[in-house]
Each structure stands twice: as C-alpha cells, then as structure tokens.
Protein chains: 2
Amino acid sequence: MNAQFKKGVVEMCILKLVSSSDMYGLEVIEGISKEIEVNENTVYPILRRLTLAGYFNTYKEKNPSGPDRKYYRATKEGTLYLGELLHEYRAFTKKVERIIGE
Amino acid sequence: MNAQFKKGVVEMCILKLVSSSDMYGLEVIEGISKEIEVNENTVYPILRRLTLAGYFNTYKEKNPSGPDRKYYRATKEGTLYLGELLHEYRAFTKKVERIIGE
DNA sequence: CTATCTATTGTGTTATGCACAATAGTATGA
DNA sequence: TCATACTATTGTGCATAACACAATAGATAG
C-alpha cells in the first residue's frame with residue numbers, strides 16, 4: 001500500500017473516530033485498521049500531537065486485564081479542526097477526480 | 001491547502017496527464033494547476049524522478065519564443081504504473097469514505 | 001518467576017511537497 | 001546596445017508524516 005496516500009488522512013480519520021466517542025489508543029488503531037492498514041507507531045504519535053495542539057483532552061481509566069488505558073476526548077477546537085479537514089479533503093479528492101477522470 | 005493530502009497524488013496526476021499526451025514541464029504544471037494548486041519545484045523533480053525510474057522518455061523540441069522545451073512521453077512501464085496507482089488510490093479513498101462516512 | 005498479552009513511548013529513516021535561489025535562452029523597449 | 005522581462009528548467013535545503021525497530025511497564029497464566 002502506497003504510504004504517501006495516507007499522509008494527513010490518518011490524522012483526519014483519528015479525529016473522526018475520537019470525535020464520535022472517547023477512545024484509547026489501541027481502540028483507535030483497531031477502528032482505523034478495519035479499513036486501512038495502519039501501524040501503532042503512526043497512531044500514537046498523532047494522538048500525542050493532537051493532544052498537544054489542544055484538539056484532544058486525555059484521562060486515565062483502570063483496565064482489569066492490563067495497564068491503565070489513556071482515553072482521548074475531542075475538544076471543541078478538535079471538532080472544528082475536523083470539520084475543516086473533512087471539507088478540505090472532499091474538495092481535494094473532487095479536484096483529483098477531475099484530473100484522473102472517468 | 002493541506003500539503004499532506006497531495007503526497008503521492010501529484011505524481012499520479014502527472015502520470016495521467018503525460019499518458020494522455022506528450023507534454024513539457026510547464027504544460028504539465030498548467031494542467032495540474034487548473035484544479036490543484038501546485039508548485040513548479042514540486043513538478044519538475046517528479047518529472048525527473050519518473051524519467052529516471054523508466055516511466056517517461058524525454059526529447060527536446062525547439063521553441064520560437066524561448067529556450068528549448070523538454071517533452072515527456074510515458075513508456076509502457078509508465079502506463080502500467082499509472083494503472084496500479086489509480087487502482088490503489090480509488091480503493092484507498094473508498095476505505096477512507098467508510099471511516100469519515102455519512 | 002518466566003512468558004505472554006495489553007498499552008504506550010521513544011529514536012531514527014525515508015519520501016514528498018515546496019520555499020528559496022540560480023541558470024539560461026529569447027524578445028522587446030529605452 | 002543593454003537592461004528588463006518572460007519562458008523553461010535545475011539545484012539545495014527544510015518540514016512533515018508514516019513507519020520500522022526497539023524499549024518500557026502493568027497484569028495474568030502456566
């Protein structure tokens with residue numbers, strides 16, 4: 001799979017999933033992996049980056065079968081940013097279709 | 001415009017344009033620019049890279065109003081590679097739509 | 001008490017778009 | 001003629017994102 005096509009798109013997918021409902025890292029990875037092959041070393045840094053940027057808040061929850069889970073919750077800014085990304089992405093893919101057309 | 005979304009896609013668009021008909025650099029830039037904002041310093045290196053990879057051949061043509069133009073023509077390998085990219089890209093965007101869906 | 005599973009973090013590499021800059025041929029106006 | 005502008009291409013270096021490789025750490029089962 002061409003890794004280049006994923007640039008920026010994985011971030012948007014993560015924002016979408018976490019905006020739908022709070023999730024911890026592995027849950028996000030599973031969610032994306034249902035459709036797109038994605039590496040844990042890709043998802044975790046994005047979660048940290050988006051948290052640092054103020055798009056996510058985090059909180060810990062006990063896990064009976066292993067170490068605590070770090071949950072991510074989208075902030076208002078995160079939801080706004082997701083909206084922008086979705087708009088940009090859809091406009092972009094439409095333009096690309098006009099070039100590669102038919 | 002999110003530059004990340006363009007990763008890999010500009011290359012595919014260039015392959016598509018040159019496969020449709022032989023073109024020189026600035027012509028390719030104009031073709032892409034009708035839809036997507038793209039920089040000359042993005043397009044020229046891709047043309048050289050694809051030539052080096054055997055996906056394009058080049059030939060010079062006289063230009064009455066300036067320096068010679070370097071034309072690019074897609075090879076059989078280039079056309080095959082374009083087909084693969086188009087297939088991958090469309091499969092990928094479908095999967096993304098399933099995540100960001102509704 | 002070692003192995004395994006779950007969950008997360010850290011370092012370094014690669015590829016691509018692009019900003020900044022330069023080179024070079026041709027034409028045109030002062 | 002010579003400076004300027006336009007056309008066409010090339011070169012250097014940077015930022016970013018995906019990911020390979022690796023490590024850390026808690027919990028549980030054999």
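Every chain is numbered from 1 and lettered A, B, ... according to where its sequence line falls, protein lines coming before strand lines.
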Could you work out which one of D/dT10, C/dG17, D/dA17 sits closest to the side chain of A/K7?
D/dA17

Atom CD of B/E37 and atom P of C/dT16 are separated, to the nearest Å, by 21 Å

Taking NZ from B/K70 and P from D/dG11, how many angstroms apart are they, rounded to a whole number?
9 Å

Length of the CG-P vector between A/N2 and C/dT16, whole Å
8 Å

Distance below 4.0 Å between A/K62 side-chain N/O and D/dG26 OP1 or OP2
no

Under 4.0 Å between a side-chain N or O of A/Y44 and OP1 or OP2 of C/dT8?
yes

Please classify the nucleic acid contact of A/R49 as base, sugar-phosphate, or nothing, using heavy-atom distances under 4.0 Å.
sugar-phosphate

Could you tell me whether the side chains of B/N57 and B/Y71 share a donor-acceptor contact shorter than 3.5 Å?
no

For C/dA7, does either OP1 or OP2 sit under 4.0 Å from a side-chain N or O belonging to A/Y24?
yes

A/Y89-B/N2 side chain donor-acceptor pair, cut-off 3.5 Å
no

Have a look at B/N39 and say if it touches a base, only the backbone sugar-phosphate, or nothing, with a 4.0 Å heavy-atom cut-off.
sugar-phosphate

Using atom CG of A/N41 as one end and atom P of D/dA23 as the other, report the distance to the nearest whole Å.
13 Å

Candidate nucleotides D/dA17, D/dA8, C/dA15, ranked by approach to the side chain of A/E11 - the nearest
D/dA17

Check this for me: does any side-chain nitrogen of one of A/K60 and A/D68 sit under 4.0 Å from a carboxylate oxygen of the other?
no

Could you state the CD1-C1' distance from B/I36 to C/dG17, rounded to the nearest angstrom?
12 Å

A/R48 side-chain N/O to C/dT9 phosphate OP1/OP2 under 4.0 Å
yes

A/K95/B/E37 salt bridge by N-O under 4.0 Å criterion:
no

How close or far is atom P of C/dA19 from atom CD of B/E40, stated in whole angstroms?
10 Å

What is the distance, rounded to the nearest whole Å, between atom CG of A/L52 and atom C1' of C/dT8?
17 Å

Rounded to whole angstrom units, what separation is found between the OH atom of B/Y72 and the C1' atom of D/dT9?
8 Å

Is B/E11 paired with B/R49 through a side-chain N to carboxylate O contact shorter than 4.0 Å?
yes

Taking for each residue the nucleotide of DNA chain C with the nearest heavy atom, is it A/E27 or B/V38 whose nucleotide lies nearer the 5' end?
A/E27

